[in-house]
Student: 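Here you go, one structure.
All chains are named by letter (A, B, ...) in the order of the sequence lines, taking the proteins before the strands, and each is independently numbered beginning at 1.
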Protein chains: 2
Amino acid sequence: MTEAAEAPTRRERMAQRKRAVILAAALDLFSRYGVEGTTLEAVAQQADVSKSNLIYYFPGKEALYAAVLADVLEGWLVPLDELRPEADPATAIRAYIATKMAFSRDNPAASRLFCLEVMQGAPVLTGRLRSVLRPTVEAKAAVIRHWIEAGLIAPIDPHQLIFSLWATTQHFADFATQIRALRDRDLRDPAFYEESVAHVTELFLQRLRPAGASRSSR
Amino acid sequence: MTEAAEAPTRRERMAQRKRAVILAAALDLFSRYGVEGTTLEAVAQQADVSKSNLIYYFPGKEALYAAVLADVLEGWLVPLDELRPEADPATAIRAYIATKMAFSRDNPAASRLFCLEVMQGAPVLTGRLRSVLRPTVEAKAAVIRHWIEAGLIAPIDPHQLIFSLWATTQHFADFATQIRALRDRDLRDPAFYEESVAHVTELFLQRLRPAGASRSSR
DNA sequence: GTCTATATCCCGATAGAC
DNA sequence: GTCTATCGGGATATAGAC
């Protein structure tokens with residue numbers, strides 16, 4: 001017989017790969033047209049499966065959306081790892097901005113879908129925002145507070161700092177269309193990418209420089 | 001006969017008022033559920049008119065959406081007026097941030113709908129972004145360049161500065177749900193509003209302080 | 001200008017053969 | 001696991017009376 005008890009890895013790997021293809025298609029379309037603006041037919045077509053087959057893998061549109069969002073949030077959290085208490089603050093902030101800007105460049109659809117979900121009241125994600133994002137943010141706020149108390153950076157509201165970092169870096173993904181309309185450029189242009197990273201970095205390092213330090217950031 | 005050639009102002013004023021009520025309802029619902037996620041029935045109900053009557057005023061959903069967006073963009077442009085060449089840069093930046101933050105507080109739905117439209121590729125607004133927003137931004141970039149050349153502020157990329165200002169101020173409207181999930185506060189809380197304005201202002205004034213100036217911003 | 005009734009279409013989901 | 005066929009619901013938009 002073809003199916004034994006041991007390890008159907010071959011078939012399972014195929015299934016996992018198919019799931020990934022479907023999730024990628026769904027992310028792309030959801031982020032561009034919204035969840036309600038996207039039909040399962042379109043997702044199926046872009047993922048190169050039949051609509052019924054799509055529904056076999058994800059039992060309904062809501063389930064598909066939830067699965068996509070779970071993936072998105074996971075990747076969205078990664079950059080925060082850069083803010084470690086033992087690191088040099090300036091280096092850590094630089095690394096954080098670089099990582100987040102790279103995320104905006106490489107995963108604009110993920111950034112947009114996250115923005116969409118939050119803007120609409122985070123119907124699916126509210127729970128996780130409170131249960132996983134909130135504790136993470138509190139931990140990072142503590143790191144920032146520690147840096148302030150050690151005199152390594154100027155006094156600042158840690159939460160406000162985090163919000164501003166998010167805002168400035170994600171803007172390049174979420175408002176890419178507007179930036180293109182105004183400047184005909186986006187982060188995929190290496191020169192514009194470098195210029196943008198440098199700008200955001202400078203903005204925050206100037207603000208965080210402790211009282212006694214000299215002006216230039218490099 | 002009841003209809004004469006002179007001035008049916010009474011009836012016209014009623015009609016204008018009704019249009020405004022419909023537009024307000026549409027803005028609220030579109031911004032919360034997306035355009036595709038909003039039914040004309042729901043708009044009609046919230047505006048307290050019948051669905052057929054709604055369609056009488058706006059011939060189709062697309063037309064309604066376009067009308068709402070036109071209103072939104074108009075209000076969205078106003079704060080930029082604060083950046084006048086003859087003004088003191090620090091005062092002008094302060095005023096700009098204050099105006100934009102007040103807009104985020106008082107018109108969060110407008111901010112979100114604008115964000116939604118842009119994120120989805122600005123299908124309706126691209127033309128206007130290029131034809132009206134772009135020239136306005138160029139004019140304001142020239143003002144900033146003028147300030148730099150006069151030695152009134154530190155050197156900075158004018159467009160990047162504008163993008164960062166937009167990003168940080170609009171974040172409070174577009175990501176209000178996230179901020180509430182993390183901090184249980186929003187801009188309608190006066191203390192949080194003041195704290196947020198102060199934070200954003202400080203962030204930019206530190207960056208823009210010319211080389212010779214002292215550190216404190218007030 | 002405002003209403004009721006309805007035409008028309010499309011989408012999500014199911015049933016069931018293979 | 002994958003397919004075809006189809007049901008059932010719901011939303012936009014129109015027709016036409018008042």
Student: Distance-only check: which donor-acceptor pairs under 3.5 Å involve side-chain atoms of residues 34-41 of chain A, not counting sequence neighbours?
Tutor:
from, atom 1, to, atom 2, distance (Å)
T38(A), OG1, L29(A), O, 3.2
T38(A), OG1, G34(A), O, 2.7
T39(A), OG1, A42(A), N, 3.0

Student: I need the CD-C1' distance between E62(A) and dC11(C), as an integer number of Å.
Tutor: 15 Å
Student: Not counting sequence neighbours, list each pair that qualifies as a salt bridge (Lys or Arg N to Asp or Glu O under 4.0 Å) and has a residue in residues 171-180 of chain B.
Tutor: R180(B)-D186(B)
Student: What's the OH-P distance between Y65(A) and dG12(C), to the nearest Å?
Tutor: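 Checked: the OH to P distance equals 15 Å.
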Student: Rounding to an integer number of Å, can you tell me how far L29(A) CG sits from dC11(C) P?
Tutor: 13 Å
Student: Residues from residues 39-52 of chain A sitting under 4.0 Å of DNA chain C, heavy atoms only?
Tutor: T39(A), L40(A), K51(A)
Student: Check the orientation of W166(B) and H171(A). Use parallel for under 30°, tilted for 30 to 60°, and perpendicular for over 60°.
Tutor: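 W166(B) vs H171(A) ring planes: tilted.
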Student: Given atom CG of N53(A) and atom P of dA13(C), what is their separation to the nearest angstrom?
Tutor: 16 Å
Student: How would you list all residue pairs meeting ring pair (Phe, Tyr, Trp, His ring centres under 6.0 Å) that involve residues 38-61 of chain B, not counting sequence neighbours?
Tutor: none
Student: I need the minimum non-hydrogen distance between L187(B) and F192(B), along with the two atoms involved.
Tutor: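 The answer is N-CD2, 3.9 Å.
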Student: How would you give the extent of chain A contacts on DNA chain D, as first and last nucleotide 5' to 3' within a 4.0 Å heavy-atom cut-off?
Tutor: dG1(D) to dT4(D)
Student: Where do P79(A) and Y96(A) come nearest, in terms of heavy atoms and distance?
Tutor: O-CD1, 3.3 Å
Student: Give me each pair satisfying side-chain hydrogen bond (donor to acceptor under 3.5 Å, both in side chains) with a member in residues 124-142 of chain A, each pair once, sequence neighbours excluded.
Tutor: R130(A)-D184(B), R134(A)-D184(B), E138(A)-H159(A)
Student: Do the numbers put R105(A) on top of the ring of Y193(A), so that NZ or CZ is under 6.0 Å from the six-membered ring centre and no more than 45° off the axis?
Tutor: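 Yes, R105(A) sits over the ring of Y193(A).
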